[in-house]
Peer 1: 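Pasting a structure here, questions to come.
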Amino acid sequence: MADQMSGSLTDDALLDLVQRQTLRYFWDFGHPVSGMARERSNPVAGYDYLDTVTTGGTGFGLMAMLAGTSRGFIPHRDVLSRVTQIVDFLTRVERYHGVFPHFLHGATGATIPFSRRDDGGDLVETAFLIAGLLCARQHFGATSSDETKLRAGIDKLWHAVEWNWHTQGRDVLYWHWSPHHQWAMNHAITGWNECLITYVLAAASPTHPIAPEVYHRGWTASPVFRNGQSYHGIELPLGPPFGGPLFFAHYSFLGLDPRGLRDRYADYWAQNRAHAMINRAYCIANPHGFADYGPKCWGLTACDGDAGYNAFSPTNDRGVIAPTAALASIPYTPAESMTALRYFYEMLGEDIWRECGFADGFNRTKDWVAPSHLAIDQGPVVAMIENHRSGLLWDLFMQCEEVRIGLRRLGFDSPRFGEVA
């Protein structure tokens, strides 16, 4: 994976370079024992970054590795070996009603508490992981013994997740359960945000499904679910004012194909494109006068900032641009995202281009660049660029018969429903 810095690369060559370089985060920096994705690339207070692996970030990393092998960056057999390593490790770690914790120790599999009471199952992180695993199951479809065994191992993990346990018998899903604190977190998963995939997989489960009412009465029971207002002349169907951080349009849709995806609440392609365009328009308007904001330099989402990690958005703007925001929006804003990519690489590259792709964030007003990469920001760059280029992860995930059944149960319509698994 050779480094290169040039202003004369074609679009395809530049996309290849960014995908290949960003993939290093998962391939070269993956944990040597578990194969899982480390949470971040730099030391911080509170945990050992070299041994702290992330459940959701690993799901994103799995998708990135599938994109990498489809591009010929990594041999098929090597990715098969790495995915098998991850699945074998996951079968041995402690789970909570089949649900994985947010963080694990990458060598021992022990749960690393995310916070004092968040020391058990994290349903949303588990959903991100399962989505990546299902893509891998579909990708490794050969009849050979190693691929057959891998698919069976993935199904065992998928079928063990007790999604319905996380309703507490009510019409909503809850994010956390702890063996020490039980439901003390009491965090209902309501929208609009990054968690749609959790409800889709919960409805799709062949072993522990939720009833459709949990989606319709729970997910939508939020004052920021419906929007319908216009920002910078762009109507936003769902979500908080100005849409919130851009990862809302990325995490659930690394596998879930928004093209033509509709239910009674929204057209999800229209939702995600509007969100990305509003975010960009806000950066162009730049009401706070931050340096470098404009049509070539835009994108507000959760990332490391000069004052610490934060979920940046138009209503929480501190001058921090996250490259993942514009780059992972490329299916929705292809021309606008390519413009940003060229600016990040050609104009800011010496400052923000690193061994594993772009730095997590930067603040040009304060002349600050993050010393870090984060798994949950790196993965969407590779996966969503691939979805823009080939639709690979969307194809793999939507090939899952269970997913299509779950979407139908919740009242979705999609052009994918006529496909044969």
Peer 1: Salt bridge check: are Asp16 and Arg389 linked by an N-O gap of less than 4.0 Å?
Peer 2: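 Here Asp16 pairs with Arg389 in a salt bridge, since their nearest N and O are under 4.0 Å apart.
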Peer 1: Between Thr339 (side chain) and Lys296 (backbone), is there a donor-acceptor pair under 3.5 Å?
Peer 2: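 Judged by distance alone, no pair lies under 3.5 Å.
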Peer 1: Only one of Arg408, Arg416, Met398 clears side-chain contact (heavy atoms from CB on, under 4.5 Å) with Val403; which?
Peer 2: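 Among Arg408, Arg416, Met398, the one meeting side-chain contact (heavy atoms from CB on, under 4.5 Å) with Val403 is Met398.
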Peer 1: Rounded to the nearest 0.5 Å, what separates atom OG in Ser178 from atom OH in Tyr96?
Peer 2: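 Result: 7.5 Å between the selected atoms.
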Peer 1: Yes or no on side chain to side chain donor-acceptor pair (under 3.5 Å) for Tyr47 and His105, after CA distance, side-chain angles and deciding distance?
Peer 2: CA-CA 10 Å; Tyr47 59 83; His105 191 285; over 6 Å; no
Peer 1: Can any side-chain N or O of Asn227 pair as donor or acceptor with the backbone N or O of Val224 at less than 3.5 Å?
Peer 2: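 The answer is no, because no donor-acceptor pair under 3.5 Å joins these two groups.
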Peer 1: Measure from the side-chain N and O atoms of Ser34 to the backbone N and O of Gly106, and report whether any donor-acceptor pair falls under 3.5 Å.
Peer 2: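 Here the side-chain-to-backbone pair exists.
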Peer 1: Does Arg364 pair with Asp351 as a salt bridge, N-O distance under 4.0 Å?
Peer 2: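 A salt bridge is present here (some side-chain N lies under 4.0 Å from a carboxylate O).
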Peer 1: Okay, side chain of Tyr199, backbone of Leu173: is any donor-acceptor separation there less than 3.5 Å?
Peer 2: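 Checking the backbone N and O of Leu173 against the side chain of Tyr199, a donor-acceptor pair under 3.5 Å is found.
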Peer 1: Can you confirm whether the side chains of Asp119 and His180 place a donor and an acceptor under 3.5 Å from each other?
Peer 2: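 Yes, His180 and Asp119 have a side-chain donor paired with an acceptor closer than 3.5 Å.
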Peer 1: Does Ser252 reach the main-chain N or O of Leu196 with its side chain, forming a donor-acceptor pair under 3.5 Å?
Peer 2: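 At least one qualifying donor-acceptor pair exists.
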Peer 1: Measure across Phe29 and Tyr25 and return the closest heavy-atom pair with its distance rounded to 0.1 Å.
Peer 2: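 Scanning both residues completely, I find the closest heavy atoms to be CB-O, 3.0 Å.
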Peer 1: Would you call Phe397 and Leu254 a side-chain contact if the rule is heavy atoms closer than 4.5 Å?
Peer 2: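 In short, these two side chains do not touch, never coming nearer than 4.5 Å.
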Peer 1: Would you confirm whether Thr55, through its side chain, and Thr126, through its main-chain N or O, come within 3.5 Å as a donor-acceptor pair?
Peer 2: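 Side chain of Thr55 to backbone of Thr126, a donor-acceptor pair under 3.5 Å: no, none is there.
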Peer 1: Run the ring pair (Phe, Tyr, Trp, His ring centres under 6.0 Å) check on Tyr251 and Phe60 step by step: do they pass?
Peer 2: CA-CA 8 Å; Tyr251 291 1; Phe60 297 169; 5.0 Å; yes
Peer 1: Does the side chain of Leu62 reach to within under 4.5 Å of the side chain of Cys135, using non-hydrogen atoms?
Peer 2: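 Not touching, per the 4.5 Å side-chain cut-off.
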Peer 1: Show your working on salt bridge (charged side-chain N to carboxylate O under 4.0 Å, His left out) between Arg40 and Asp304 and close with a plain yes or no.
Peer 2: CA-CA 10 Å; Arg40 60 169 53 244; Asp304 279 349; 2.8 Å; yes
Peer 1: Is a donor on one side and an acceptor on the other found under 3.5 Å between the side chain of Gln21 and the backbone of Arg354?
Peer 2: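 Here the side-chain-to-backbone pair exists.
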Peer 1: Quick one: pull up CG in Asn310 and SG in Cys303 and give me the separation to the nearest 0.5 Å.
Peer 2: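 That separation rounds to 8.5 Å.
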Peer 1: Please round to the nearest 0.5 Å and tell me the distance separating atom CZ of Arg82 and atom CD1 of Ile74.
Peer 2: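 Answer rounded to 0.5 Å: 7.5 Å.
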Peer 1: Taking side chain as C-beta onward, heavy atoms only, is Ile330 less than 4.5 Å from Leu15?
Peer 2: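 Of all side-chain heavy-atom pairs linking Leu15 with Ile330, at least one is under 4.5 Å.
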Peer 1: Under 3.5 Å, is there a donor-acceptor pair between the Glu147 and His76 side chains?
Peer 2: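 A donor-acceptor contact under 3.5 Å links the two side chains.
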Peer 1: Could you tell me whether a side-chain N or O of Asn363 sits under 3.5 Å from a main-chain N or O of Gly305, the two making a donor and an acceptor?
Peer 2: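 Side chain of Asn363 to backbone of Gly305, a donor-acceptor pair under 3.5 Å: no, none is there.
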Peer 1: Are Val79 and Trp27 close enough that some pair of their side-chain heavy atoms sits under 4.5 Å apart?
Peer 2: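 Answer yes - side chains close enough.
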Peer 1: Taking Ile210's backbone N and O only, do any of them form a donor-acceptor pair with Arg409's side chain (distance below 3.5 Å, no angle check)?
Peer 2: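 It does hold such a pair.
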Peer 1: When you look at His166 and Trp183, which way does the ring pair (Phe, Tyr, Trp, His ring centres under 6.0 Å) test go after all the steps?
Peer 2: CA-CA 9 Å; His166 273 255; Trp183 301 105; 5.4 Å; yes
Peer 1: Please report the interatomic distance OG1(Thr22) to CG(Asp377), rounded to the nearest 0.5 Å.
Peer 2: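 These two atoms lie 11.0 Å from each other.
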Peer 1: Give a yes or no on whether the backbone of Gln399 and the side-chain of Arg404 come within a donor-acceptor separation of less than 3.5 Å.
Peer 2: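 Side chain of Arg404 to backbone of Gln399, a donor-acceptor pair under 3.5 Å: yes, one is there.
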Peer 1: Supply the atom-to-atom distance Ser390 OG to Asp395 CG, rounded to the nearest 0.5 angstrom.
Peer 2: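 Taking OG in Ser390 and CG in Asp395, the distance rounds to 7.0 Å.
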Peer 1: If every non-hydrogen atom of Cys356 is compared with every non-hydrogen atom of Gln378, which pair is closest and at what distance?
Peer 2: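 In terms of heavy atoms, the two residues are closest at O-NE2, 2.6 Å.
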Peer 1: Could you check whether any side-chain heavy atom of Phe100 comes within less than 4.5 Å of a side-chain heavy atom of Val93, counting everything from C-beta outward?
Peer 2: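 Yes; the side chains approach each other to less than 4.5 Å.
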Peer 1: First locate atom NE2 of His250, then atom CG of Leu327, and finally report the distance between them rounded to the nearest 0.5 Å.
Peer 2: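 Answer rounded to 0.5 Å: 9.0 Å.
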Peer 1: Given side chains that start at C-beta, do those of His208 and Val161 come closer than 4.5 Å, heavy atoms only?
Peer 2: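 Sidechains of Val161 and His208: no contact.
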Peer 1: In sequence, state the C-alpha distance, the side-chain angles, and the governing distance for Glu336 and Trp298, and then conclude on side chain to side chain donor-acceptor pair (under 3.5 Å).
Peer 2: CA-CA 9 Å; Glu336 297 84 354; Trp298 61 275; over 6 Å; no
Peer 1: Measuring only between side-chain heavy atoms, which start at C-beta, is Pro240 closer than 4.5 Å to Phe248?
Peer 2: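 Yes - at least one pair of side-chain heavy atoms lies under 4.5 Å apart.
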